[in-house]
K.L.:
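Take this structure, written in structure tokens, and hold onto it; I'll ask about it next.
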Amino acid sequence: MDKKVTVIGSGNVGATAAQRLCEKELCDVVLIDIIEGVPQGKALDLAEAAPIEKHDSHLVGANDYAASADSDIVIITAGIPRKPGMSRDDLIGTNAGIVKNVTQQVIKYSPNAILIIVSNPLDAMCHVALEASGFPKNRVIGMAGVLDSARFRAFIAMELNVSVESTHAFVLGGHGDTMVPLPRYSTVAGIPITELMSKERIDALVKRTANGGAEIVSLLKTGSAYYAPASAAVEMAESILKDKKKILPCAAYLQGEYGMQDLFIGVPVKLGAKGIEQVIEIRLTDEEMAALKKSAAAVEELKGVLKRLG
Ligand code: APR
């Protein structure tokens, strides 16, 4: 393949993302992990499935970052997932050190890559990666809004008994309890869901969306969601690799947009070959803006924690 994507962290999210990338035949894939044997074993296993799945993506597993050289995209999933009773924010101490370390290593070999961050707490980890890489803001992107919007879409489709393909949703803000699902901009075949459901039902779906990660954690008990997070990261990668210029909600570093300064938060962006090619500023009601500001304050708080961690 003429494109190369490295996935750092060969656990649940990383290995599933690798599988989706190769099965869609988007690129060659390098899996990296700190545990010896795991990325090599998973890459080989996926390569052995290739004849049946009918793709010619090459897969390599490694502990050494040299294998990742000249990647177009690096997806960072390294870190610990949460367990029942934990919030994403509880992961910050451990994952900040891991994300800093892996970013510093990977950029030595892929100085022109676009970084897609998946490790949690997402918005804070984007700050860590931006600083550790020194990359321009268009090349550090957080995966959260695509996942949260997919969850909202799935719940809308279940509620109305319609195809998920007819649904569209926008969830903005930080990837946490303060995320901001936007029912006005969430539609079924172009019809806002505010025309199709009662306020009570919409509120219930919004609440379930904001709690979507925790709902899965409480069921799995030993880790967090990975199928949908991997799908979301791969949709972003595909838009970049194919220069599709999809408009997707992603964590982007804002410098003035939406009245936010020097802050990663989920907003609609155009994703193409250059990474974030545009931040789309949509008009928000006072209530929606207040919710976004509240979410921004939660991310600011985590920025403060990062500062104290050093
Ligand atoms: N370098 C490389 N890999 C690392 C490092 C490191 N310094 N530290 C940890 N890892 C690897 C682990 O060895 C493990 O294989 O990261 C992988 C994480 O995989 P899982 O434990 O299965 O976690 P996963 O469910 O994939 O979630 C990863 O994504 O969605 C977020 O909140 C989630 O922060 C978590 C991350």
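Just follow the structure's listing: the first ligand is 1, and inside any ligand the first atom is 1. Atoms considered below: every heavy atom in the structure, side chains included; atoms not considered: hydrogens, waters and symmetry mates.
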K.L.:
Please evaluate residues Ile276 and Lys137 with respect to the criterion side chain to side chain contact (heavy atoms under 4.5 Å, CB included), reporting the C-alpha separation (whole Å), side-chain torsions for both, the decisive distance (0.1 Å), and the verdict.
P.N.:
CA-CA 8 Å; Ile276 294 183; Lys137 62 183 181 179; over 6 Å; no
K.L.:
To the nearest 0.1 Å, how far is atom 36 (C) of ligand 1 from its closest protein heavy atom, and which atom is that?
P.N.:
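Atom 36 (C) of ligand 1 sits closest to the protein heavy atom Thr77 O, 3.3 Å.
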K.L.:
So Cys27 and Leu241, side chain to side chain contact (heavy atoms under 4.5 Å, CB included) or not? Walk me through it.
P.N.:
CA-CA 8 Å; Cys27 52; Leu241 293 170; 4.3 Å; yes
K.L.:
Which of the atoms in ligand 1, numbered in the order shown and given with their element, are less than 4.0 Å from a heavy-atom of Val13?
P.N.:
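Within the 4.0 Å cut-off of Val13, ligand 1 contributes 24 (P), 25 (O), 26 (O), 27 (O), 30 (O).
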K.L.:
If you have a sec, work out which protein heavy atom is nearest atom 18 (C) of ligand 1 and how many Å separate them, to one decimal?
P.N.:
Gly79 O, 3.2 Å
K.L.:
With sequence neighbours excluded, give me every ring-ring contact (aromatic ring centres under 6.0 Å, His included) pair touching residues 89-130.
P.N.:
His127-Tyr253, His127-Phe264
K.L.:
How far is atom 22 (O) of ligand 1 from its nearest protein heavy atom, and which residue and atom is that?
P.N.:
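Residue, atom and distance for the closest contact: Asn12 N, 2.8 Å.
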K.L.:
Using distance alone, with no hydrogens and no angle criterion, decide if Ser231 and Arg20 have a side-chain donor and acceptor under 3.5 Å apart.
P.N.:
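Their side chains do contain a donor-acceptor pair, which is all the 3.5 Å distance test asks for.
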K.L.:
Purely on distance, is any nitrogen or oxygen of Asn101 under 3.5 Å from one on ligand 1?
P.N.:
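There is no such contact.
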K.L.:
Show your working on side chain to side chain contact (heavy atoms under 4.5 Å, CB included) between Ile282 and Leu182 and close with a plain yes or no.
P.N.:
CA-CA 11 Å; Ile282 52 176; Leu182 291 180; 4.0 Å; yes
K.L.:
Please confirm whether Ser119 approaches ligand 1 to less than 4.0 Å, judged on its heavy atoms.
P.N.:
yes
K.L.:
Quick one: nearest non-hydrogen protein atom to atom 21 (O) of ligand 1, plus distance?
P.N.:
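Of the protein heavy atoms, Pro81 CD, 3.5 Å lies nearest.
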K.L.:
Sort out for me which residue in Asp45, Val29, Leu46 forms a side chain to side chain contact (heavy atoms under 4.5 Å, CB included) with Gln19.
P.N.:
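Checked Asp45, Val29, Leu46 against Gln19; only one passes side chain to side chain contact (heavy atoms under 4.5 Å, CB included): Leu46.
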K.L.:
At less than 4.0 angstrom from any non-hydrogen atom of Ile35, what atoms of ligand 1 do you find?
P.N.:
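Numbered from 1, ligand 1 contributes 13 (O).
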K.L.:
Any N or O on Asn95 sitting closer than 3.5 Å to an N or O of ligand 1?
P.N.:
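Checking ligand 1 against Asn95, an N or O pair does fall under 3.5 Å apart.
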K.L.:
Can you find a side-chain donor-acceptor pair between Ser68 and Thr6 that sits under 3.5 Å?
P.N.:
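Their side chains do not contain a donor-acceptor pair, so the 3.5 Å distance test is not met.
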K.L.:
Is the closest N or O pair between Ile80 and ligand 1 shorter than 3.5 Å?
P.N.:
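So ligand 1 has an N or O lying under 3.5 Å from an N or O of Ile80.
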K.L.:
Of the side chain and backbone of Ala78, name the one, both, or neither that has a heavy atom under 4.0 Å from an atom of ligand 1.
P.N.:
both
K.L.:
Would Leu91 count as a polar contact of ligand 1, with the cut-off being nitrogen or oxygen pairs under 3.5 Å?
P.N.:
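By distance alone, the answer is no.
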K.L.:
So, Asp203 and Lys207, do they make that salt bridge, N to O below 4.0 Å?
P.N.:
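The answer is no: the pair does not qualify as a salt bridge.
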K.L.:
Ligand 1 versus Ile98, non-hydrogen atoms closer than 4.0 Å: side chain, backbone, both, neither?
P.N.:
side chain
K.L.:
Among protein heavy atoms, which sits nearest to atom 19 (O) of ligand 1, and what does the distance come to when rounded to 0.1 Å?
P.N.:
Gly11 CA, 3.2 Å
K.L.:
A side-chain contact here means heavy atoms from C-beta on lying under 4.5 Å apart; do Pro84 and Lys221 qualify?
P.N.:
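They are in side-chain contact.
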K.L.:
Could you check atom 1 (N) of ligand 1 against the protein and tell me its nearest heavy-atom contact, residue, atom and distance included?
P.N.:
Val102 CG1, 3.4 Å
K.L.:
Could you tell me the residue and atom name of the protein heavy atom closest to atom 11 (C) of ligand 1, and the distance to it rounded to 0.1 Å?
P.N.:
Asp33 OD2, 3.2 Å
K.L.:
Does Ile32 come within less than 4.0 Å of ligand 1, judged by its heavy atoms?
P.N.:
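Judged by the 4.0 Å heavy-atom criterion, Ile32 does not count as contacting ligand 1.
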K.L.:
Group every Ile, Leu, Val, Met, Phe, Trp and Tyr by side-chain heavy-atom contacts under 4.5 Å, then state whether Ile73 and Val7 land in the same group.
P.N.:
yes
K.L.:
Hey, mind stepping through Thr103 and Glu131 against side chain to side chain contact (heavy atoms under 4.5 Å, CB included) and telling me if it holds?
P.N.:
CA-CA 9 Å; Thr103 304; Glu131 193 169 313; over 6 Å; no
K.L.:
Tell me the protein heavy atom at minimum distance from atom 33 (C) of ligand 1, and give that distance in Å.
P.N.:
Asn120 ND2, 3.8 Å
